[in-house]
Amino acid sequence: MIGYCCINTTLDYCVNRTMRKATFHSKGLEYVGELAFQNISDMLEILIWNLKNDILLYRMSSDMFPWMSEYSFSDLPNYKQIKLKLEEIGKYVKQHNMRLSFHPGPFNVLGSNNPNVVEKTIQELTKHAQIMDIIGLPQSHESPINIHVSATKPSKEVISNQFCQNFNRLPQNVKSRLTVENDDKIAQYTPKNIYDLIYSKIGVPITFDQFHFVCGNQDTSMKEALELCLSTWSNAKALTHHSSSKRIEQDDPTVKETAHSDYIHEPIQTFGYEFDTDIEAKAKDKAVINYKNIFIKKSNCLKGDNIDNI
DNA sequence: CCAGGTCAAGGGAGT
DNA sequence: ACTCCCTTGACCTGG
């Protein structure tokens, strides 16, 4: 299956309503609850639209609950209503065999040298897992919570050791869902780095990002990197990321190499394997539909998709 | 009313 | 020391 991330550009629904610090302090939990309920209600509408458009894979927004590390969900005045709506989403997802994931932001650094950052990260990841639990999503890599390692100093070895030690402090509902993705910078973590330094110690699956691999340090072939990542997914179908270069799309060498394009311009390299893929492209849902029209109808390069229904 | 400045967070890289 | 960037987009103020 292929899917997209958070925002639907066709519909007028929003899953991202949030607020600034000052507003959070002046308006408080009542306003948080209002926005959160609107966000999850709109997310259900998006899932309904996704089904109609044959999209069963979707990345949820981490901005679903504004400032969620600062309170307990059950403290929201409209928690009952929120819980019901999340459960409704859960039923819908289960009924239609949809797959949902999270990709918490780059501020989540589990291997950080700063203990406060580690504490905040554990808190934030726990909140993500709690949302998945309320929805009723599996406590497995079927519903991944995917992060980067990010930090590299003083060395990848030191940071990844800290990452693994702190992994063991996470609650089970995070541990059972956490995955780690390769980076797009030369100095950061390749799939092989993550395999050797993290997967081999704590068994956390690796999310292969094809574009990051192309931009990053290629210490293996792409096929080897993909195979390494796929081999780490034992209790769920592997999830990967795919995007195209904005620099190439716009034919403008001044655009940053790592910037994502609006649409996808090359097929996902499967090397014959089956896995799920998040399309990371600015045109979001439109990029997925465009991808299917261009690549799947003609070349059947993703066997998991139902070609007849496109 | 809306354009544009600004916005929680960590860390690294570039200036 | 400062700015920009990340999966970026959304918030909010002042004109």
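In what follows, every chain begins at residue 1, and chains take the letters A, B, ... in the order their sequences are listed.
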Separation of C/dT7 P from A/H128 NE2 (nearest whole Å): 15 Å
Nearest whole angstrom, please: distance from the P of B/dG11 to the CG of A/N113. 7 Å
Rounded interatomic separation in angstrom, taking NZ from A/K127 and P from B/dA9: 19 Å
Contacts to DNA chain B from residues 139-156 of chain A, heavy-atom cutoff under 4.0 Å, which residues? A/A151, A/T152, A/K153
How do A/L35 and A/E181 order along DNA chain C: which one's closest nucleotide is nearer the 5' end? A/E181
Only one of A/K284, A/K282, A/R59 clears side chain to side chain contact (heavy atoms under 4.5 Å, CB included) with A/I7; which? A/K284
Candidates B/dA9, B/dA8, C/dT8 - which lies nearest the side chain of A/K120: B/dA9
Side-chain donor or acceptor of A/Q218 paired with backbone N/O of A/V214 under 3.5 Å: yes
If you check every side-chain atom of A/P106, which of C/dT7, C/dA10, B/dG11 has the closest atom? C/dT7
Interatomic distance where CZ belongs to A/R17 and C1' belongs to B/dC7 [whole Å]: 19 Å
Tell me, yes or no, whether the heavy-atom count around A/K201 atom NZ, taken from other residues, nucleotides or ligands under 6.0 Å, exceeds 12. yes
Is the count of non-hydrogen atoms from other residues, nucleotides or ligands lying under 6.0 Å from A/D12 atom CG greater than 12? no
If you only use heavy atoms from C-beta on, which nucleotide in C/dT8, B/dG11, B/dA8 is closest to the side chain of A/N114? B/dG11
To the nearest Å, how far apart are A/K185 NZ and C/dT7 C1'? 12 Å
Counting side-chain heavy atoms from CB outward, which of C/dA10, C/dT7, B/dA9 is closest to A/R59? C/dT7
Taken to the nearest whole Å, OH/A/Y4 to C1'/C/dT8 is 17 Å
Should the ring pair A/H148 and A/H212 be called parallel, tilted or perpendicular, given that the plane angle runs from 0 to 90° and is split at 30 and 60? tilted
Once you round it to whole Å, what is the distance between P of B/dG10 and CG of A/N116? 9 Å
Say whether, by atom type as modelled, one donor and one acceptor occur between the side chain of A/S243 and the main chain of A/A281 under 3.5 angstrom. no
Any donor-acceptor pair under 3.5 Å linking the side chain of A/H103 with the backbone of A/N146? yes
Gap in Å between the two C1' atoms, one belonging to C/dC4 and one to C/dT8, rounded: 13 Å
Could you pick out which residue, A/Y31 or A/G105, lies toward the 5' side of DNA chain C when each is mapped onto its nearest nucleotide? A/G105
Just by distance, do the side chain of A/D42 and the backbone of A/N39 share a donor-acceptor pair under 3.5 Å? no
Would you check if A/F107 stacks with the base of B/dG10, given a 5.5 Å centroid limit and a 30° plane limit, both strict? no
Please confirm whether A/K237 makes a cation-pi placement over A/F275, using NZ or CZ under 6.0 Å from the six-membered ring centre and within 45° of the ring normal. no
Determine the interatomic distance between C1' on B/dG4 and the same-named atom on C/dC6; round to the nearest Å. 22 Å
For B/dC1 and C/dT7, measure between their C1' atoms and round to the nearest Å. 31 Å
So A/D184, base contact, sugar-phosphate only, or nothing? Heavy-atom distance under 4.0 Å. sugar-phosphate
Sugar-phosphate, base or nothing in reach of A/H212, heavy atoms under 4.0 Å: sugar-phosphate
Once pairs are restricted to Watson-Crick or G-U wobble with both distances under 3.5 Å, how does DNA chain C read as a dot-bracket string, [ ] for crossings and | for other-strand pairs? ||||||..|||||||
Quick one: which of C/dG9, C/dT7, C/dA10 gets closest to the side chain of A/E280? C/dT7
Within 45 degrees of the ring normal and closer than 6.0 Å to the centroid, is that where the cationic atom of A/K127 sits relative to A/F65? no
Give A/H260 one of three labels, base, sugar-phosphate or nothing, depending on what nucleic acid heavy atoms sit under 4.0 Å from its own. sugar-phosphate
Considering only atom P, compute the distance from C/dT13 to B/dA8 and round it to an integer number of Å. 12 Å
Which word best sums up how the rings of A/F24 and A/Y71 line up, parallel for under 30°, tilted for 30 to 60°, or perpendicular for over 60°? tilted
Between A/N8 (CG) and C/dG9 (P), how many Å, whole number? 14 Å
